[in-house]
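To keep things clear, I will list the structure first and then write my remarks on it.
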Amino acid sequence: MNKYRTHTCGELSKNNKNERVLLSGWINKKRDHGNLLFIDLRDNYGLTQCVVDNKNKNFKELEKLQLETVIKIDGKVLEREDQTINKDLSTGEIEVSIISYEVLGKTKELPLPVFSDQEYSEEIRLKYRFLDLRRKQIHNNINLRSKVISFIRKEMESMNFYEFQTPILTSSSPEGARDFLVPSRLNPGKFYALPQAPQQFKQLIMISGFDKYFQIAPCFRDEDARADRSPGEFYQLDIEMSFVEQEDIFKVVEKLFIKLFKEFSNKKILNTKFPKIKYEESLLKFGTDKPDLRNPLIIKDISDIFSRDDVKFDLFKKLTKQGKIVRSIIAPGTRDKPRSFFDNIDKWAKDEGSNGLAYFTFLKEGGKISGKGPVGKFFSNEACEELMKICEAKDGDSIFMSCGEKKDVENILSLARKKIAEDLNLISEDAFAFCWIVDYPMFELDEKTNKIKFSHNPFSMPQGDTEKLDLSRPLNIKAYQYDIVCNGIELSSGAIRNHKPDLMYKLFDLAGYNKKQVDEKFSGMINALSYGAPPHGGIAPGIDRLVMLIANEKNIREITMFPMNQNAQDLMMNAPSEIDDHQLKELKLSINKKK
RNA sequence: GGGGGUGUAGCUCAGUUGGUUAGAGCGAUCGCCUGUCACGCGAUAGGUCGCGGGUUCGAGUCCCGUCACUCCCGCCA
């Protein structure tokens with residue numbers, strides 16, 4: 001028999017009545033009645049109420065024990081009387097009468113209480129993460145994360161995927177995010193880079209003939225944090241398959257996600273066949289390539305209405321004549337909203353850095369539609385009716401309009417779409433809405449340099465007949481490149497890869513890399529593609545974001561065991577830290593401290 | 001790099017138009033209490049009001065600077 005416990009703290013029930021048991025755990029809470037003391041003992045599995053009275057010779061000592069002390073209880077299981085049963089506790093029908101005890105681990109005064117639903121500063125939580133992780137919700141989240149990853153592994157294996165590890169110390173690549181660099185001792189002056197993703201390796205695995213690969217892969221990118229983005233490191237479910245088309249990848253992911261979300265969440269999945277939305281269409285209808293499809297509002301282009309003579313809105317007329325565009329969102333059923341509702345949204349839009357939103361309400365009076373509100377008077381009855389037709393608006397709905405460059409209009413209306421829907425409570429919180437965004441452009445124009453660059457993954461396969469590709473118009477080339485989005489959160493990008501080296505040289509040439517540069521920067525890949533590469537493709541959903549969605553958490557730290565803070569510091573382990581001179585010497589490095 | 005929010009006891013927070021000795025709950029320490037499960041009651045200790053400077057007879061409160069944490073923009077093929 002184990003000397004610490006015969007049972008866990010979540011295990012005992014009426015069936016164990018009158019048994020002599022050993023329990024070990026933390027003192028979660030004490031309730032001291034002077035001559036009668038209750039101790040809630042907690043471990044990973046649950047909570048058991050232990051009880052002792054003043055007839056026990058250890059009573060005075062037990063009364064003095066601090067919360068979070070680790071103790072072992074030797075006691076007897078008693079059935080509770082009906083009035084004292086705790087229905088909120090799995091072990092609530094019993095309690096353990098303490099016969100003797102032993103302190104296994106003492107505690108200093110706690111910097112943060114474990115038994116509490118209060119929120120604490122991130123600084124204290126991260127510094128004392130081992131205490132924070134004892135708290136119920138985050139403890140459950142971390143366990144959930146483990147179960148999710150385990151479930152994914154089993155599902156992937158059942159679909160005949162093999163899990164392979166890829167190197168952590170690899171080479172820096174020119175495209176993409178900032179690399180984390182590791183100096184090489186044996187090769188002074190040279191550096192490894194931590195992988196931003198195992199992109200090239202997984203393609204090499206396919207070229208090596210391994211057909212179906214997956215990995216719960218750590219990825220490292222030296223970019224600034226966000227609430228849903230840890231600084232430095234995160235995990236991807238990295239997937240790659242040979243002899244597949246886009247649709248084959250979709251099938252695998254849809255099957256996995258539907259099973260996964262059904263297993264771990266009670267929320268409903270709005271479309272079990274995930275809708276496919278073209279990139280261009282998504283930008284028009286939602287203003288973004290990561291639309292939240294729980295949100296029913298749709299953006300419409302209404303630029304043409306401003307060329308009508310019965311529309312007198314001079315500012316927008318002037319701007320549209322100069323080539324600017326106007327798009328709009330309908331806020332349904334807002335006839336009775338106070339002026340402050342509209343002004344708040346306009347003010348909010350200005351705070352977001354836009355020129356604000358023009359708005360008015362469609363009102364039917366005496367059989368005619370007119371516009372009520374600041375700019376309503378500029379639109380004739382007929383123009384209003386035409387607008388309502390375009391926007392599918394009804395009497396009593398309001399229209400918000402943004403005018404400007406396409407990119408700016410998309411940006412602010414995408415935010416406004418979310419803001420208005422939230423203000424009007426139109427988003428159902430108890431649902432998951434997945435969709436695929438497809439047909440991404442291969443290239444885009446770099447706004448700063450005005451040069452052609454890869455818009456996503458440079459290894460993607462262009463669509464159409466690759467022998468007859470019109471390379472003179474690179475911005476028109478679409479790629480077999482796709483994203484999967486859930487509730488407005490981008491979970492993953494993927495692509496069918498370009499496995500033809502000749503074509504790859506041509507595409508890289510358009511993005512400003514000559515053959516020599518490609519050979520240098522992507523030597524592993526480009527060389528391998530020349531020795532019989534299978535058509536292949538894949539995807540890499542972010543594990544952290546999947547768990548966030550399932551756990552219904554807004555911040556990635558709530559589902560990460562030991563996260564860093566916003567400045568990429570580990571406050572518990574004191575990373576990053578300075579290093580000894582002899583370490584620097586060995587690496588032939590010197591530090592150039594800025595003054 | 002830029003913008004917003006926060007910073008008062010070990011923890012979570014309150015603190016009025018600037019005004020005597022800066023408060024509460026939890027936790028800690030001590031005492032009372034035999035059926036609680038956020039047990040109850042009483043007492044005690046615990047503060048460089050993030051830090052520095054300024055205005056003022058007087059600053060937790062107003063002003064300037066700075067630091068920390070956080071959210072957002074940039075960035076994230």
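So you know, we letter chains A, B, ... as the sequences are listed, proteins then strands, and number each from 1. These numbers come from the heavy atoms of this one structure, side chains and all, not from hydrogens, waters or symmetry mates.
- Neither side chain, Gln566(A) nor Glu122(A), offers a donor N or O lying under 3.5 Å from an acceptor on the other.
- Not a single donor-acceptor pair, N or O on each side, falls under 3.5 Å between the base of G7(B) and the side chain of Glu123(A).
- Here Tyr482(A) pairs with Phe250(A) under the ring pair (Phe, Tyr, Trp, His ring centres under 6.0 Å) rule; sequence neighbours left out.
- Within 4.0 Å (heavy atoms only), Gln569(A) reaches sugar-phosphate atoms of the nucleic acid but no base atom.
- Phosphate contact (OP1/OP2 of A68(B), side-chain N/O of Asn567(A), threshold under 4.0 Å): absent.
- Going from atom CG of Asp224(A) over to atom C1' of C71(B) covers 13 Å, rounded to whole Å.
- Each of Asp228(A) and Phe38(A) was assigned the nucleotide of RNA chain B with the nearest heavy atom; the assignment lying further toward the 5' end belongs to Phe38(A).
- Across all strands, Glu122(A) comes closer than 4.0 Å only to sugar-phosphate atoms, never to a base (heavy-atom distances).
- To the nearest angstrom, C1' of C76(B) lies 16 Å from CD1 of Ile489(A).
- An OP1 or OP2 oxygen of C37(B) is reached within less than 4.0 angstrom by no side-chain nitrogen or oxygen of Arg80(A).
- Among the atoms of the strands shown, none is found under 4.0 Å from any heavy atom of Ser460(A).
- A salt bridge is defined here as a Lys NZ or Arg NE, NH1 or NH2 lying under 4.0 Å from an Asp or Glu carboxylate O, and Glu123(A) with Lys127(A) fails to meet this definition.
- One cannot find a donor-acceptor pair under 3.5 Å joining the base of U12(B) and the side-chain atoms of Glu119(A).
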Name the atoms and distances for all side-chain donor-acceptor pairs under 3.5 Å in residues 438-445 of chain A, with sequence neighbours left out.
residue, atom, partner, partner atom, Å
Asp439(A), OD1, Gln463(A), NE2, 2.9
Tyr440(A), OH, Asp289(A), OD2, 3.1
Tyr440(A), OH, Asp483(A), OD2, 3.0

*What one-letter contact string describes nucleotides 22-34 of chain B from 5' to 3', where B marks a base within less than 4.0 Å of any protein heavy atom, S marks contact via sugar-phosphate atoms alone, and - marks no contact?*
-----BS-SS-BB

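- Within 4.0 Å (heavy atoms only), Asn565(A) reaches sugar-phosphate atoms of the nucleic acid but no base atom.
- Base pairing of G65(B) is made with C51(B), judged by Watson-Crick or G-U wobble geometry with both donor-acceptor distances under 3.5 Å.
- Among residues at least two apart or in separate chains, ring-ring contact (aromatic ring centres under 6.0 Å, His included) pairs with a member in residues 25-69 of chain A are His33(A)-Phe38(A).
- With distances taken from any side-chain atom of Leu571(A) to the nucleotides U70(B), C72(B), C69(B), the minimum falls on C69(B).
- Residues passing the ring pair (Phe, Tyr, Trp, His ring centres under 6.0 Å) test with Phe459(A), sequence neighbours excluded: Phe522(A).
- With a cut-off of 3.5 Å on both Watson-Crick or G-U wobble distances, the partner of G1(B) is given as C73(B).
- Residue Ser121(A) is classed as a sugar-phosphate contact, given heavy-atom separations below 4.0 Å to backbone atoms only.
- A donor-acceptor pair shorter than 3.5 Å cannot be found between the side chains of Gln118(A) and Tyr120(A).
- No donor-acceptor contact under 3.5 angstrom links the side chains of Asn86(A) and Gln49(A), judged on distance only.
- Per the geometry, CD1 belonging to Ile39(A) stands 17 Å off P belonging to G35(B), to the nearest Å.
- Leu89(A) comes within contact range of no nucleotide atom at all, as no heavy-atom separation falls under 4.0 Å.
- When the nucleotides C76(B), C71(B), U36(B) are ranked by their closest atom to the side chain of Arg557(A), C71(B) comes out on top.
- A search for side-chain contact (heavy atoms from CB on, under 4.5 Å) contacts involving Leu169(A) returns Val182(A), Tyr192(A), Leu194(A), not counting sequence neighbours.
- Comparing C11(B), C39(B), U70(B) against the side chain of Arg31(A) picks out C39(B) as the nearest.
- Residue-level contact check: Asn555(A) touches the backbone only, with heavy atoms under 4.0 Å from sugar-phosphate atoms and none from bases.
- Residue Gln566(A) has its side chain nearest to U70(B) when only G35(B), C69(B), U70(B) are considered.
- Pairing of G10(B), defined by two Watson-Crick or G-U wobble distances under 3.5 Å, is identified with C26(B).
- Nucleotide G18(B) is matched to nothing when pairs are restricted to Watson-Crick or G-U wobble geometry with both distances under 3.5 angstrom.
- Side-chain N/O atoms of Arg229(A) and base N/O atoms of C76(B) include a donor-acceptor pair closer than 3.5 Å.
- Distance CD (Glu68(A)) to P (G10(B)): 20 Å, rounded to an integer number of Å.
- Judged by closest nucleotide on RNA chain B, Met564(A) is the one of Met564(A) and Lys290(A) placed further toward the 5' end.
- Taking atom CG on Asp82(A) and atom C1' on C37(B), their separation rounds to 16 Å, with Å as the unit.
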